[in-house]
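One-based numbering, in listed order, for ligands and for the atoms of each.
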Amino acid sequence: MKLLFLGDLVGRTGRTAVIDQLPAIVEMQQLDFVVVNGENSASGFGITEAILQDVLDAGADVVTTGNHVWDQRDTLVYIERQDRLLRPLNYPVGTPGRGAHLYTARNGAQVMVANVMGRVYMDAMDDPFARIERVVDDCPLGQVADAIIIDMHAEATSEKQAMGHFLDGRVSLVVGTHTHVPTADHQILPGGTAYMSDAGMCGDYDSVLGMEKDEPVNRFQRKIPGNRFTPASGEATISGVAVETDDRTGLALRVAPVRIGGRLEPVLPFFWQS
Ligand SMILES: [Fe+2]
Ligand SMILES: [Fe+2]
């Protein structure tokens with residue numbers, strides 16, 4: 001299968017780039033399944049139901065989130081009827097929505113997606129390792145699921161790498177989100193799981209993490225909050241990772257970063273070069 005994962009959409013420029021370009025990318029590259037992290041798609045903070053629908057209509061199969069999931073208050077309500085929107089799995093028991101689900105891909109394959117949040121320099125959460133293990137054990141790769149994609153939303157690269165090795169051989173892809181900067185460590189781990197510490201954001205890279213740079217620079221200098229953070233509005237780079245999996249085992253055969261448009265040097269994965 002051909003899988004594509006895109007990192008956090010930031011603001012109007014990030015979501016517009018993906019909504020406008022994803023249909024052609026899915027079509028031209030014959031992608032089987034697409035996951036997009038949408039936690040910053042509504043003015044940088046959370047996701048509205050209308051934006052969720054636009055991203056799904058553009059070709060995303062699942063939208064994951066992270067610590068910003070509840071920034072738009074309505075999400076607490078509409079997430080119950082939107083099973084293609086995931087919030088981190090390791091929120092306390094009783095939190096609205098779901099953190100993992102099994103989906104049917106365009107080619108009929110069964111794909112499990114889980115969203116989990118780290119605990120280093122993040123809010124106190126349930127143990128992400130214990131919670132993800134239960135979900136993966138219930139849905140074994142190559143038996144119940146044809147592919148398994150894990151969005152590890154975390155600050156610390158050490159915690160993301162640990163999650164990659166913890167799940168190595170049991171899932172197709174462990175990819176980090178949240179830090180908004182793509183890392184250069186994409187690889188297939190020894191057990192066959194594709195891994196990348198951070199997918200990067202889909203947003204304007206002439207910014208601080210997708211936000212207009214003046215206010216973040218001001219806050220680092222003066223330690224006095226001034227204006228609000230607002231998303232930068234220059235042309236976005238679409239950033240993420242592409243994985244080709246073995247149809248029999250669900251493990252990764254190839255992994256490559258994806259960066260399209262905007263300020264970052266373009267990087268196109270193997271199946272972009274046909
Ligand atoms: Fe984010
Ligand atoms: Fe985040």
Query raised in the report: Please state the angle at the Fe ion (ligand 1) spanned by OE2 of Glu39 and OD2 of Asp8: what is it, rounded to 10 degrees?
Result: 100°
Query - Passing candidate, side-chain contact (heavy atoms from CB on, under 4.5 Å) with Phe5, options Val62, Ile150, Leu173 - result: Leu173
Query - Lys160, Met163, His186 screened by side-chain contact (heavy atoms from CB on, under 4.5 Å) with Tyr195, the one that passes - result: Lys160
Requested in this report: Compute the angle centred on the Fe ion (ligand 2) spanning NE2 of His153 and ND1 of His178, and express it rounded to 10 degrees.
Outcome: 90°
Report task. Flag this pair as yes if the NZ/CZ of Arg170 is under 6.0 angstrom from the six-membered ring centre of Phe166 and inside a 45 degree cone about the axis; otherwise no. Result -> yes
Requested in this report: Measure from the Fe ion (ligand 1) to each N, O or S atom of Asn37 and report whether any distance is below 2.8 Å.
Outcome: no
Report task. Quickly, which of Val267, Leu264, Asp198 forms a side-chain contact (heavy atoms from CB on, under 4.5 Å) with Pro182? Name it, please. Result -> Leu264
Query raised in the report: So what does the His180 NE2 - the Fe ion (ligand 1) - Asn40 OD1 angle come to, to 10°?
Result: 90°
